[in-house]
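Below is one structure, written out as structure tokens; comments come after it.
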Amino acid sequence: MRGGFIKQSNLEELIHTNGWCNVPKSVITREGQSVDTSTLVWHLPYVIRDDTSIDFSQIVEPTIRWVTQRYVQECLQATSTHAGYASYTYIWTELIRYQREFNLVEGIQPDQLKERLVSLFEKALSDARKKHRLWAMYRPIQWYVWSAENYPELGFCPVYALELDAISVPGNPKGEAVRMEDPDRGPLHRSLEVPLLIKAMRDDKSDELVHIQEKVALALSIALGRNPANLTYLKEDDLVNLTPDSNKATWVIRVPRIKKRQLNPRDDLLDEYLDSEFAGYVLELIDANRRVADSLRVNNESYQLPRPLFINLRGNRSAVKSGLLDSYFNCTSENITRFIQQFVKRHNVISPLTKEVLRISARRLRYTLGTSLAAEGTSRKELARILDHTDTQHVQVYFELAASIVEHLDKATAKDFAKYLKLFKGKIINFDSEAVNGDREDKHVEFIDDANPNESSEIGVCGEKAICHLDPPFSCYLCEKFQPYRHADHEHVLECLLKGREERINKYSNARMGIQLDDVILAVAQVAEACRSGTGDGR
């Protein structure tokens, strides 16, 4: 109806006249889930977010509203629920929320709609370019091109659509925080920050469900380097002991895959090895879940489906609104992120680098795992598998960074960092009579300088009564049963270790060769400073 106003009644007449498919009463998503589309509010079955409802009443102009409904419907049916939700989100945030500024209101003519919508698009593109986020315009451009191909009669210009389609839109920038080694957004320092998180998890003895969830979310993010969404789909029975008949368990966890085009993330699970310490945390969470199992009820009936590993006691609003029974108590990605951040806040983990509470996220832990494995010599193919990438190009940034990292350390900074990490857990002694095994010559620990192998000095006593399997003297500083002498020259030990560290970095042009003993260096620095200041031990 060119030249006339397009109101809701006129729009319905155009739909009928042109034989267009109207918005149906319900839609089946590509994943096979039903969505009620009979109203302007659609509750999408997208459970990794707390509430993925789309309110089309936000769009004032009826033509734009109807076309957007049809486009989101197409995305839901042909691509995925995520595509439908993400498309609407970007179309709204980057474009249509400025509708009133461009007078896109009910009752305008198609020619007016065409002109004003083009003006709005040009403004949005200009702003995106200035802010270096042109990538955010990809979905709005796809929406306009689709609308112009299917409904040019409504005011979408095919010529302008060709111009938009010709724009080279970059992908969402990846790896910038990794490359920049941003102390708040990039990888964590694996010698100075990651050990603080490990220590905090070991020290956390709380049996509150939410506290255990925090610890497990952090442990799995460190171990697996996955996105929070992966963890939201985990079930209790995804933790498997491969050697149940052995005295030593071998644990794997079956991780659901996301972004791989399968209809359901749990249609494809990857078995990942899990350290026994971290597996113990997961078992602790499973046991805590049993204590609240009776409270998981749907329509006054006990919830009989396999429980998620991370239980959302309040219920997943997206699952409840869309009727996804098997996901009623799933946590969301935001929940997982909050668990990690709350753990760090609760334990007041201070970064030695920023001197502030450590800024943490699952993404930073993913960067950390990728960079650490690249530095240790993991192949590109294996790293891509570990991080669940479909090809190796996405992991190149980790190898670029690993090759360039040179983390220098001197005595002053080592002592400064040591007071945060507190890696030494033993007891400093003045005399052999104060030590366990002080009367046993075979338990006295000597330090031999590599530069002067003929010179040696006793630095302490081993308190282990059984056979010790550590590698003295360096590993002793990390053992809680080591009893260093207060009068020993631990400063000399520290200087020798720091000198050897620099020599390895320069000789091998590889930071990893230099930092292999960083935890020992920091423990020695702690002992040296404790002896200087006269404090008793590291406990």
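For clarity, every value in this text was computed on a predicted model and none was experimentally measured.
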Exercise. Compare every heavy atom of K235 with every heavy atom of P306, then report the nearest pair and how far apart it is.
Key: O-NZ, 3.6 Å
Quiz prompt | Heavy atoms from other residues, nucleotides or ligands near CZ of R314 exceed 12 (cutoff 6.0 Å) | solution = no
Self-check item: Heavy-atom check, side chain of R257 versus side chain of L270, under 4.5 Å
Solution: yes
Quiz prompt | Heavy atoms of other groups near K355 NZ, more than 12 under 6.0 Å | solution = yes
Quiz item: For L76, does its backbone N or O pair with a side-chain atom of R30 as donor and acceptor, under 3.5 Å?
Solution: no
Exercise. Mind checking the CD-CZ spacing from E272 to R254? Nearest 0.5 Å is all I need.
Key: 13.0 Å
Quiz prompt | Contact check, side chains of I253 and F278, non-hydrogen atoms, under 4.5 Å | solution = no
Exercise. Using only heavy-atom distances, determine whether the side chains of T29 and E31 contain a donor-acceptor pair under 3.5 Å.
Key: yes
Quiz prompt | Q77 side chain reached by I28 side chain, heavy atoms, under 4.5 Å | solution = no
Quiz item: Hey, what do you get for CD (E61) to CG (L104), rounding to the nearest 0.5 Å?
Solution: 7.0 Å
Exercise. Taking the six-membered ring of W135 (Phe, Tyr or Trp), confirm whether the NZ or CZ of R133 is under 6.0 Å from its centre and within 45° of its axis.
Key: yes
Quiz item: Judged by atom type as modelled, is there a donor-acceptor pair below 3.5 Å linking the side chain of N299 to the main-chain atoms of E301?
Solution: no
Quiz prompt | Stepwise salt bridge (Lys or Arg N to Asp or Glu O under 4.0 Å) test for R338 and E214 | solution = CA-CA 8 Å; R338 194 176 301 117; E214 292 170 359; over 6 Å; no
Quiz item: Crowded around Y303 OH? As in, over 12 foreign heavy atoms under 6.0 Å?
Solution: yes
Quiz item: Run the ring-ring contact (aromatic ring centres under 6.0 Å, His included) check on W251 and Y273 step by step: do they pass?
Solution: CA-CA 6 Å; W251 296 100; Y273 169 76; over 10 Å; no
Exercise. Quick one: pull up CD1 in I64 and CD1 in I108 and give me the separation to the nearest 0.5 Å.
Key: 6.5 Å
Practice problem: Report the C-alpha distance between K131 and D127 in whole Å, list the side-chain angles of each, state the deciding distance to 0.1 Å, and finish with yes or no for salt bridge (Lys or Arg N to Asp or Glu O under 4.0 Å). | Solution: CA-CA 6 Å; K131 297 175 182 177; D127 289 345; 5.5 Å; no
Quiz item: Okay, side chain of Q99, backbone of Q58: is any donor-acceptor separation there less than 3.5 Å?
Solution: yes
Quiz item: Looking at CE of M201 and CZ of F343, how far apart are the two atoms once the value is rounded to the nearest 0.5 Å?
Solution: 6.5 Å
Quiz item: Cut-off 3.5 Å, side chains only: do Q304 and S302 have a donor facing an acceptor?
Solution: yes
Exercise. Quick one: closest heavy-atom pair of R364 and R359, and the distance?
Key: NH1-O, 2.5 Å
Quiz item: Could you go step by step and tell me if L120 and R116 meet the side chain to side chain contact (heavy atoms under 4.5 Å, CB included) rule?
Solution: CA-CA 6 Å; L120 172 55; R116 295 172 189 177; over 6 Å; no
What donor-acceptor contacts under 3.5 angstrom involve side-chain atoms of residues 155-167, with partners at least two apart or in another chain?
from : atom 1 : to   : atom 2 : distance (Å)
Y160 : OH     : E122 : OE2    : 2.5

Quiz item: Any donor and acceptor pair, going by atom type alone, linking the side chain of T52 with main-chain N or O of L44 inside 3.5 Å?
Solution: yes
Quiz item: If we ignore angles and hydrogens, is there a donor and acceptor under 3.5 Å between the side chains of H43 and S53?
Solution: yes
Exercise. First locate atom OH of Y90, then atom CG of L95, and finally report the distance between them rounded to the nearest 0.5 Å.
Key: 14.0 Å
Practice problem: Evaluate the criterion side chain to side chain contact (heavy atoms under 4.5 Å, CB included) for residue pair I350 and V357; output intermediate values, then yes/no. | Solution: CA-CA 4 Å; I350 304 297; V357 174; 3.8 Å; yes
Quiz prompt | Point-to-point distance, once rounded to the nearest 0.5 Å, from CZ of R291 to CD of E208 | solution = 10.0 Å
Quiz item: Does the side chain of F56 reach to within under 4.5 Å of the side chain of V72, using non-hydrogen atoms?
Solution: yes
Quiz item: Is there a donor-acceptor pair under 3.5 Å between the side chain of N230 and the backbone N or O of R226?
Solution: no
Exercise. Would you name the heavy atoms of S57 and L40 that are closest together and state the gap between them?
Key: CB-CD1, 3.9 Å
Quiz prompt | Residue pair D238 / R266, side-chain heavy-atom distance below 4.5 Å | solution = yes
Quiz item: Is there a side chain to side chain contact (heavy atoms under 4.5 Å, CB included) between R346 and D204 once you walk through the steps?
Solution: CA-CA 10 Å; R346 180 162 59 89; D204 188 1; 2.9 Å; yes
Quiz item: So, do V255 and D271 sit near enough that their side-chain heavy atoms are less than 4.5 Å apart?
Solution: no
Practice problem: For E277 and R202, run salt bridge (Lys or Arg N to Asp or Glu O under 4.0 Å): C-alpha distance rounded to whole Å, both residues' side-chain angles, the deciding distance at 0.1 Å, then the answer. | Solution: CA-CA 9 Å; E277 180 179 355; R202 289 172 177 166; 2.8 Å; yes
Quiz item: Would T232 and N335 satisfy side chain to side chain contact (heavy atoms under 4.5 Å, CB included), going step by step from the backbone distance to the final call?
Solution: CA-CA 9 Å; T232 67; N335 293 145; over 6 Å; no
Quiz item: Taking the side chain as C-beta and beyond, is there a heavy-atom pair between Q342 and V210 under 4.5 Å?
Solution: no
Quiz item: Does atom CZ of R49 have more than 12 heavy-atom neighbours from other groups under 6.0 Å away?
Solution: no
Quiz prompt | More than 12 heavy atoms from other groups under 6.0 Å of CG on D294 | solution = no
Quiz item: Got a donor-acceptor contact below 3.5 angstrom from the K381 side chain to the T378 backbone?
Solution: no
Quiz item: Quick one: does Q213's side chain have a donor or acceptor within less than 3.5 Å of a partner on I311's backbone?
Solution: yes
Quiz item: Does E115 reach the main-chain N or O of Q112 with its side chain, forming a donor-acceptor pair under 3.5 Å?
Solution: no
Practice problem: Search all heavy atoms of P256 against all heavy atoms of L234 and return the closest pair with its distance. | Solution: CD-CD2, 3.5 Å
Quiz item: Where the side chain of N312 meets the backbone of F329, is there a donor-acceptor pair that is under 3.5 Å apart?
Solution: no
Exercise. Mind listing the closest non-hydrogen atom pair of R139 and Y71 along with its distance?
Key: O-OH, 4.4 Å
Quiz item: Does any N or O in the side chain of T37 come within less than 3.5 Å of the main-chain N or O of S26, such that one atom is a donor and the other an acceptor?
Solution: yes
Quiz item: Looking at side-chain heavy atoms only, is the closest gap between Y281 and I212 below 4.5 Å?
Solution: no
Self-check item: Between R70 and Q73, a side-chain donor and acceptor under 3.5 Å
Solution: yes
Exercise. Dump the intermediate steps for ring-ring contact (aromatic ring centres under 6.0 Å, His included) on Y151 and W66, then the final yes or no.
Key: CA-CA 11 Å; Y151 307 107; W66 181 81; 5.0 Å; yes
Quiz item: Which pair of heavy atoms, one from L313 and one from S295, lies closest together, and at what distance?
Solution: CD2-OG, 4.2 Å
Quiz item: Given N316, which of I48, T332, L324, D51 fulfils the side chain to side chain contact (heavy atoms under 4.5 Å, CB included) condition?
Solution: T332
Practice problem: Quick one: do Y88 and Q69 satisfy side chain to side chain donor-acceptor pair (under 3.5 Å)? Show the steps, please. | Solution: CA-CA 9 Å; Y88 180 81; Q69 286 179 285; over 6 Å; no
